Amino acid sequence: MQRNIILIGFMGTGKSTIGRNLSRASGCTLIDTDNLLEEQEGCAISQIFAQKGEDSFRDLETRALRELTQHQGHVIATGGGIIGREENRQLLRQLGYVVWLIAKPSEILKRTARNNSRPLLNHKDPEKTIRELLEQRTPLYRETAHLEIETDHLSFEEVTAGIIESARYHFGSQAEQE
Ligand code: S3P
């Protein structure tokens, strides 16, 4: 396993914010797969969905994860649907210590309602989609993660400190086994 910290979790669970905090606190560079794809494609995620469709977006995510297997010592924040493919789940675990950020559906709804940059929720009934996708994806997040964190009652600083502490322990015990 490589020595990166990878954040997975549903839209609006704080992956980008926690990613930035982790990067600052640990000195590790942050890579956000959504930003990476936007840079590579030269347009916003919503345009990739609109022009190429979701399947092509998922292909781009898989390609990005394969490229990231060349990286060490990074914090990697991922898009909420990246765990959908079996290949991606394997790549994520190969990349490093995988942390699943969890939030209540009501909190997710509140946070994602702040902007309309997420094509999957950009319609009349985002709450229904959130519930359905959470049901489909929860077992996949669980299967992929080394650590799960319920974020509802914690500050971003507390979540960040918890992740750094457990990653240190995880990589320490991994080094002992090598
Ligand atoms: C998606 C989540 C988004 C982005 C895209 C699809 C999803 O990322 O990758 O809109 O399928 O859950 P965030 O989780 O960072 O919002």
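Only a predicted model underlies this, so the values are computations on that prediction, with no experimental measurement involved. Order of appearance sets the numbers: ligands from 1, and atoms from 1 within every ligand. We use all heavy atoms of the structure for the numbers below, so side chains are in, but hydrogens, waters and symmetry mates are not.
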Can you tell whether the side chains of R66 and E87 come within less than 4.0 Å, N to carboxylate O? yes
Only one of I31, I18, L22 passes side chain to side chain contact (heavy atoms under 4.5 Å, CB included) with V75; say which it is. L22
Ligand-residue contact atoms, ligand 1 with R118, heavy atoms, under 4.0 Å: 16 (O)
Quick note on ligand 1: atoms under 4.0 Å from a heavy atom of K15 include exactly 13 (P), 14 (O), 15 (O)
Close-contact set for ligand 1 against G79 heavy atoms, below 4.0 Å: 8 (O), 9 (O), 14 (O)
Those atoms of ligand 1 less than 4.0 Å from some heavy atom in R137: 7 (C), 11 (O), 12 (O)
Check ligand 1 against D34 and write out every atom of the ligand that is under 4.0 Å from a heavy-atom position of the residue. 3 (C), 4 (C), 8 (O), 9 (O), 13 (P), 15 (O)
For the residue pair E86 and Q90, confirm or rule out a side-chain donor-acceptor distance under 3.5 Å. yes
Positive for side chain to side chain contact (heavy atoms under 4.5 Å, CB included) with W100, one of T138, L147, I83: T138
When only distance counts, is T78 in polar contact with ligand 1, meaning an N/O pair under 3.5 Å? no
Say whether Q2 and Q70, considering side chains only, have a donor N or O and an acceptor N or O under 3.5 Å apart. no
Please state which protein non-hydrogen atom is closest to atom 10 (O) of ligand 1 and give its distance, to 0.1 Å? P119 CD, 3.6 Å
Between the NZ atom in K52 and the SG atom in C43, the distance rounded to the nearest 0.5 Å is 7.0 Å
N or O pair under 3.5 Å between S117 and ligand 1: no
Report, in ascending order of atom number, the atoms of ligand 1 lying under 4.0 Å from any heavy atom of I45. 5 (C), 10 (O)
Looking at ligand 1, does any of its N/O atoms fall within less than 3.5 Å of an N/O of L120? no
Could you check whether any heavy atom of R58 sits closer than 4.0 Å to an atom of ligand 1, since that is the contact criterion I want to use? yes
Is a side-chain donor or acceptor of E158 paired with a backbone partner of S155 at a separation under 3.5 angstrom? yes
At a 4.0 Å cut-off, with the gap strictly under it, does some heavy atom of E54 reach an atom of ligand 1? no
Show the atoms of ligand 1 that are less than 4.0 angstrom away from any heavy atom in F57. 9 (O)
Is a side-chain donor-acceptor pair under 3.5 Å present for R93 with T144? no
D152 side-chain N/O to A103 backbone N/O, donor-acceptor pair under 3.5 Å: no
